[in-house]
Amino acid sequence: MALLSNSSTAPFSEFFLICFPNFQSWQHWLSLPLSLLFLLAVGANTTLLITIRLEASLHEPMYYLLSLLSLLDIVLCLTVIPKVLDIFWFDNRSISFSACFLQMFIMNSFLTMESCTFMVMAYDRYIAICHPLRYSSIITDQFVSKAAIFIVARNGLLTMPIPILSSRLSYCARNIIKNCICTNMSVSRLSCNDTTFNQLYQFVTGWTLLGSDLILIVLSYVFILKTVLRIKAEGAAAKALGTCGSHLILILFFSTVLLVLVITNLARKRIPPDVPILLNILHHLIPPALNPIVYGVRTKEIKQGIQKLLRRLLDMK
């Protein structure tokens, strides 16, 4: 992490995070629901990972992709929320330069990794419905391994310059970040340098990655819908769409919270600055908390696997 060390010629070695600058009294009230959501997100995703690992019937490409999504959710939660709760509970606002830029990298890269995972999952559903006879030959364990490598490499490499560019700025006067987390926008505002290229790179990279994923997801479901509408067997169309239901719900959660966050940031001059901060925190909590629950409730195989896991735990006692 040499590049993320204090190469910014600043007279200090850490930042201070000021959550909710206008309503700091909210922190104590928010800590309880945020703690519960954090425990739910980490607990539910961990349960899903263990269930898929132990249940042989879930050793299929679709569930491996779901495992990857759960792993990304856990890392995102552990990167952001513990520090937020540390501020709320113990008023520990300081964060080192290296930790701040590392958090920035993980948030940017893992967010786009989640988007890319949704895109691969959409492709999986496209092959399953539009080319069912070829599914087992296309969507293999090897395909999932290559997809995982692509997801990590594409998004990790393309988002890595964001924290590197920020770490090389000069922070010569201020080190107080008016946010609970180290977003690129919040940190770069403190610099004495011109941050145009920094912000432009994040904007272009973020929207290129997220936009291309969204386009491919939409195209996949356009082809799926065309195929389903041609199915004439009674109940077959509903059954085919039912296999996509959980995936569509997860995309809706992910996209809706992200869209609201983007809109509030664009309109930040018209709304209290604390609103985007809260939405940014919730974006790292609500989708991770709901993703495993949606699949657990809607997917019979996962539900049965969790029931078997609970019975094993009870038998051990």
Side-chain angles (χ1 to χ4, degrees), residues 4 12-46 70-114 159 162-163 166-167 171 174-190 202 206 253-254 256-258 260-262 264-265 268 271-293:
L4 298 184
F12 35 75
S13 60
E14 60 185 9
F15 290 114
F16 287 90
L17 298 164
I18 306 297
C19 290
F20 309 115
N22 297 333
F23 301 97
Q24 294 191 38
S25 59
W26 288 12
Q27 296 181 16
H28 301 294
W29 295 102
L30 282 173
S31 62
L32 180 58
L34 290 182
S35 300
L36 293 176
L37 276 173
F38 172 67
L39 292 174
L40 176 62
V42 174
N45 281 288
T46 301
S70 289
L71 187 60
L72 294 173
D73 281 338
I74 290 173
V75 174
L76 270 174
C77 279
L78 292 177
T79 300
V80 173
I81 305 306
K83 181 57 185 177
V84 174
L85 294 178
D86 188 28
I87 296 171
F88 286 0
W89 290 341
F90 307 110
D91 203 34
N92 184 14
R93 302 173 185 273
S94 63
I95 183 170
S96 68
F97 270 63
S98 296
C100 184
F101 294 124
L102 177 60
Q103 186 188 69
M104 185 188 299
F105 169 69
I106 293 175
M107 287 190 300
N108 283 287
S109 61
F110 277 61
L111 175 68
T112 53
M113 285 181 199
E114 284 201 348
T159 57
I162 295 173
S166 289
S167 71
Y171 299 96
R174 297 172 295 168
N175 65 335
I176 297 177
I177 301 172
K178 293 182 179 180
N179 205 328
C180 297
I181 52 183
C182 289
T183 65
N184 182 47
M185 296 290 289
S186 299
V187 175
S188 61
R189 283 197 195 106
L190 306 179
Q202 181 180 25
F253 286 151
F254 180 84
T256 301
V257 179
L258 184 61
V260 172
L261 180 61
V262 169
T264 53
N265 273 288
R268 60 179 177 269
I271 60 175
D274 299 312
V275 174
I277 295 174
L278 178 60
L279 289 173
N280 212 335
I281 295 172
L282 293 178
H283 184 252
H284 292 87
L285 270 178
I286 293 178
L290 294 178
N291 289 350
I293 295 174

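Only a predicted model underlies this, so the values are computations on that prediction, with no experimental measurement involved.
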### Task
Give, for atom CG of Asn184 and atom CD of Gln202, the distance between the pair rounded to the nearest 0.5 Å.
4.0 Å
### Task
Please assess Asn175 against Ser13 for the test side-chain contact (heavy atoms from CB on, under 4.5 Å), listing each intermediate value before the final yes or no.
CA-CA 9 Å; Asn175 65 335; Ser13 60; over 6 Å; no
### Query
Just how far is it from atom OG of Ser167 to atom CD1 of Ile162, taken to the nearest 0.5 Å?
12.0 Å
### Query
Can you tell me how far the CD1 atom of Ile95 sits from the CD atom of Glu14, to the nearest 0.5 Å?
10.0 Å
### Task
Look up atom CE in Met104 and atom OG in Ser109, then write down how far apart they are to the nearest 0.5 Å.
12.0 Å
### Message
Quick one, Leu30 and Ile281 - any side-chain contact, counting heavy atoms below 4.5 Å?
### Response
no
### Query
So Ile286 and Phe253, side-chain contact (heavy atoms from CB on, under 4.5 Å) or not? Walk me through it.
CA-CA 8 Å; Ile286 293 178; Phe253 286 151; 5.7 Å; no
### Query
Between Ile177 and Cys100, does a side-chain contact (heavy atoms from CB on, under 4.5 Å) hold up when you go through it step by step?
CA-CA 11 Å; Ile177 301 172; Cys100 184; 4.1 Å; yes
#### Entry: Over all atoms of both residues, closest heavy-atom pair of Val80 and Gln103
CA-NE2, 4.0 Å
### Message
side chain to side chain donor-acceptor pair (under 3.5 Å) for Asp73 and Asn291? Distances and angles first, verdict last.
### Response
CA-CA 9 Å; Asp73 281 338; Asn291 289 350; 3.0 Å; yes
### Task
Could you label the plane-to-plane angle of the Phe101 and Tyr171 rings as parallel, tilted or perpendicular, counting under 30° as parallel and over 60° as perpendicular?
tilted
#### Entry: Least distance between heavy atoms, Cys77 atom then Pro82 atom
O-CD, 3.1 Å
### Query
Counting distance only, does the side-chain N/O of Lys178 pair as donor-acceptor with the main-chain N or O of Asp274 below 3.5 Å?
no
### Set of residues satisfying side chain to side chain contact (heavy atoms under 4.5 Å, CB included) with respect to Leu111, sequence neighbours excluded
Phe254, Leu258, His283
### Query
Does Thr79 reach the side chain of Phe110, with side-chain heavy atoms less than 4.5 Å apart?
no
### Query
Would a distance-only check, ignoring hydrogens and angles, find a side-chain to backbone donor-acceptor pair under 3.5 Å from Arg174 to Arg189?
yes
Solution key, residues 31-43 side-chain donor-acceptor pairs under 3.5 Å, sequence neighbours excluded:
from  : atom 1 : to    : atom 2 : distance (Å)
Ser31 : OG     : His28 : O      : 2.8
Ser35 : OG     : Ser31 : O      : 2.5

### Message
Would you compute the distance between atom CG of Asn92 and atom CG of Asp86 and round it to the nearest 0.5 angstrom?
### Response
4.0 Å
### Task
Quick one: pull up SG in Cys180 and CG in Asn280 and give me the separation to the nearest 0.5 Å.
9.0 Å
### Query
Considering all heavy atoms of both residues, which atom of Pro287 and which atom of Leu282 are nearest to each other, and what is their separation?
CD-O, 3.8 Å
### Query
For Ile181 and Val84, what are the C-alpha separation, side-chain angles and deciding distance, and is it a side-chain contact (heavy atoms from CB on, under 4.5 Å)?
CA-CA 7 Å; Ile181 52 183; Val84 174; 4.1 Å; yes
### Note, Pro276 side chain near Ile271 side chain (heavy atom, < 4.5 Å)
yes
### Minimum heavy-atom distance between Leu76 and Glu114, given as atom pair plus value
CD1-OE2, 3.7 Å
### Task
Would you indicate whether the side-chain heavy atoms of Leu102 and Cys182 approach each other to under 4.5 Å?
no
### Query
With a 3.5 Å cut-off and no angle check, do the side chains of Thr159 and Asn108 form a donor-acceptor pair?
no
